[in-house]
Number of protein chains: 2
Amino acid sequence: MEPYILQDEELNELVVKIPGWEIKSKQIQREFNFANFIEAFAFMTKVALICEKYNHHPNWENVYAKVIIKLNTHDLGGITNLDQTLASEINKIFDQ
Amino acid sequence: MEPYILQDEELNELVVKIPGWEIKSKQIQREFNFANFIEAFAFMTKVALICEKYNHHPNWENVYAKVIIKLNTHDLGGITNLDQTLASEINKIFDQ
């Protein structure tokens, strides 16, 4: 999949298509909350495998039961279809 | 192990005892760099297990091959012997 920068209209659709994610300064971001650290890190492990599969990696942080994930496509300097796909996959993992 | 806040003298010793860590606004912090995301996340997985074992959890972030770990003892509002112990264990994992 060749990534391309999403235009305004596509970004408006994105926040509807992938619930929980918001657009913040040329990246998309979502906070995930869990019962404890074990649950949070188990989620991170699943996300890590998906990221490696897509060869697309997040800027993410964790404190105890909270995980914040930020996605953009550094090479293209913005939010792309690849970020949208990865965010959608991450939501699927969270919703399982 | 009952955690206690480290005093100035102990903090000065800490940065010598656990190389790479620096004191920043009531927490200790170190940046770890790896060859790629797989190596970085493998390290994070080992660190996660140690953190859960000590029931002491970091504020940490990752971007691709870089991991930044920040430790403090929130309940006591500063850097404790528990942070020092965990930082020392994390260094051992990194040095393996």
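Everything numeric in this text was worked out from a predicted model, so none of it was measured.
Side-chain contact between Q84(A) and W21(A): absent, with no pair of heavy atoms (C-beta onward) separated by less than 4.5 Å. At least one side-chain heavy atom of N91(A) sits less than 4.5 Å from a side-chain heavy atom of R30(A).
Contact between Q7(B) and E10(B) at its shortest, heavy atoms only, is N-OE1, 2.7 Å.
Atoms NZ and CD1, from K46(B) and I90(B) in turn, are 13.0 Å apart once rounded to the nearest 0.5 Å. Here the straight-line distance linking atom CG of N12(B) with atom CD1 of I23(B) works out to 6.5 Å at 0.5 Å rounding.
Scanning residues 56-74 of chain A against chain B with a 4.5 Å heavy-atom cutoff picks out H57(A), P58(A), N59(A), W60(A), E61(A), N62(A), V63(A), Y64(A), ordered by number.
Ring geometry for F32(B) against F94(B) counts as perpendicular: the plane angle is over 60°, on a 0 to 90° scale with 30° as the lower cut.
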